[in-house]
Amino acid sequence: MTDKILFLYTLQHLTVDGICGAALAAYAVGEIYYEPIIFYFGMYNLLAFGLQAAAGFFLDKHPNFLRAAFILSLISLGVGTLPAIGIFAQVIFLGIGNCLFHVTAGSIVLQKFTGYKELGLFVSSGAIGLALGLNQLVDAQTFLFSYAVLTILAVLTFRAPSSARVSVSTKISEPIIFCAILLLSCVIMRGFGGSGGSSEYVMLFPIIFAAGKFLGGVCCDKIGWQNTILLIFVLGFASLQFEGLVPLILLTLTFNMTMPLTLRLLHACNPNFPGLMFGLAAGCLLPGVFFKGNFTIAVQAMVVIQFLILLSAWKIFNNKAAIA
């Protein structure tokens, strides 16, 4: 049953990001000025990612609203696909709907599964859906119909996570707080380095994004998250020794491999608040969205800094025996 739930949420993730991408693309192709496009896309990202921590915290405190959050996300996204309400209102509804789905399904996946590959699979499909929508390969209404069917199935099969509240001390130690800050810093790094690629390849790099997220989860389960940290560094370092498309693909792959790792470890920092931790991770992608063009750092430095951050997190967990 849990495998079916994971598959369902993964398909939902694809369709949710597809709805938003397609609706925004439909607006953008009809807009003659570049500045409004930048404004509304930025506004959407701010709502979709920036609100997740608050929404996650609310759902952590009131888990009985999880089922309703799925329904609200469908309603909000549905309204957001209607051009008649105006792009400003569309962006608000799309951002809120996206936020509600991600923090709801994300927190459930964090609680229902203990491995990494499930997280990797869940987060991977969003990149595919977004690319299909933004490039207008699938329209918003098709995605919306699919999401409606999937949401009905999700609501009918919904079972509240049995581990919604974990018996741990309510006082979080300073090392664990520091570890969470390190992990969130790694997410910020991924926001700058993990969404690169070339516009010449419409679907290639979204597939690489998805593959990296899933591969990172599989590696963590197969060889341990500590060894995966080293593997990510070695692959990233190797990609820097060459030029061309293949090294760029490899580098993009390695940055995305960190996603299920950071999500799982953030949840371990405070298991009583899966929605909050998922939302904080999402919010830390925003600097890469807004400041990528104005912030430059050598990619070699990014690879090394990311490795040092994850290595430090591993040392803290190892010393505190926070993870078995």
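These figures come from a predicted structure and were not determined experimentally. For the numbers below, each heavy atom of this structure counts, side chains included, while hydrogens, waters and symmetry mates do not.
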Inset, instruction - Could you walk me through whether Phe70 and Tyr9 pass ring pair (Phe, Tyr, Trp, His ring centres under 6.0 Å), step by step? - result: CA-CA 11 Å; Phe70 275 128; Tyr9 291 169; 5.5 Å; yes
Inset, instruction - Begin from the C-alpha positions of Phe278 and His102 and carry the test ring pair (Phe, Tyr, Trp, His ring centres under 6.0 Å) through to its verdict. - result: CA-CA 9 Å; Phe278 190 96; His102 278 83; 7.0 Å; no
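For the side-chain contact (heavy atoms from CB on, under 4.5 Å) with Ser73, the qualifying choice from Val16, Ile96, Leu100, Val103 is Leu100, the only one to do so.
Counting non-hydrogen atoms of neighbouring residues, nucleotides and ligands closer than 6.0 angstrom, the CD atom of Glu243 reaches no more than 12 such neighbours. Within a 6.0 Å radius of CZ in Phe237, no more than 12 heavy atoms belonging to other residues, nucleotides or ligands are found.
Here the side chains of Thr258 and Ile232 are in contact, with some heavy-atom distance below 4.5 Å. At least one side-chain heavy atom of Leu132 sits under 4.5 Å from a side-chain heavy atom of Met203. Two residues are said to be in side-chain contact when any heavy atoms from C-beta on lie closer than 4.5 Å; Asp60 and Pro274 meet this criterion. The shortest distance between side-chain heavy atoms of Leu253 and Leu235 does not fall below 4.5 Å. At least one side-chain heavy atom of Ile37 sits under 4.5 Å from a side-chain heavy atom of Tyr27. The closest side-chain heavy-atom distance from Phe143 to Leu77 is not below 4.5 Å. Contact check for Leu251 versus Val303: side-chain heavy atoms found under the 4.5 Å cut-off.
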Distance-only criterion, 3.5 Å: show the donor-acceptor pairs between side-chain atoms of residues 175-187 and protein atoms not counting sequence neighbours.
from, atom 1, to, atom 2, distance (Å)
Ser185, OG, Ile181, O, 2.8

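Applying the salt bridge (charged side-chain N to carboxylate O under 4.0 Å, His left out) test to every pair with at least one member in residues 12-39, sequence neighbours left out, gives no pairs at all.
Between the side chain of Thr228 and the backbone N or O of Cys220, at least one donor-acceptor pair lies under 3.5 Å. Between the side chain of Thr104 and the backbone N or O of Leu66, no donor-acceptor pair lies under 3.5 Å.
For the atom pair Leu110 CG and Met277 CE, the distance stands at 10.0 Å (nearest 0.5 Å).
Residues meeting the salt bridge (charged side-chain N to carboxylate O under 4.0 Å, His left out) test with Asp221, sequence neighbours left out: Lys117.
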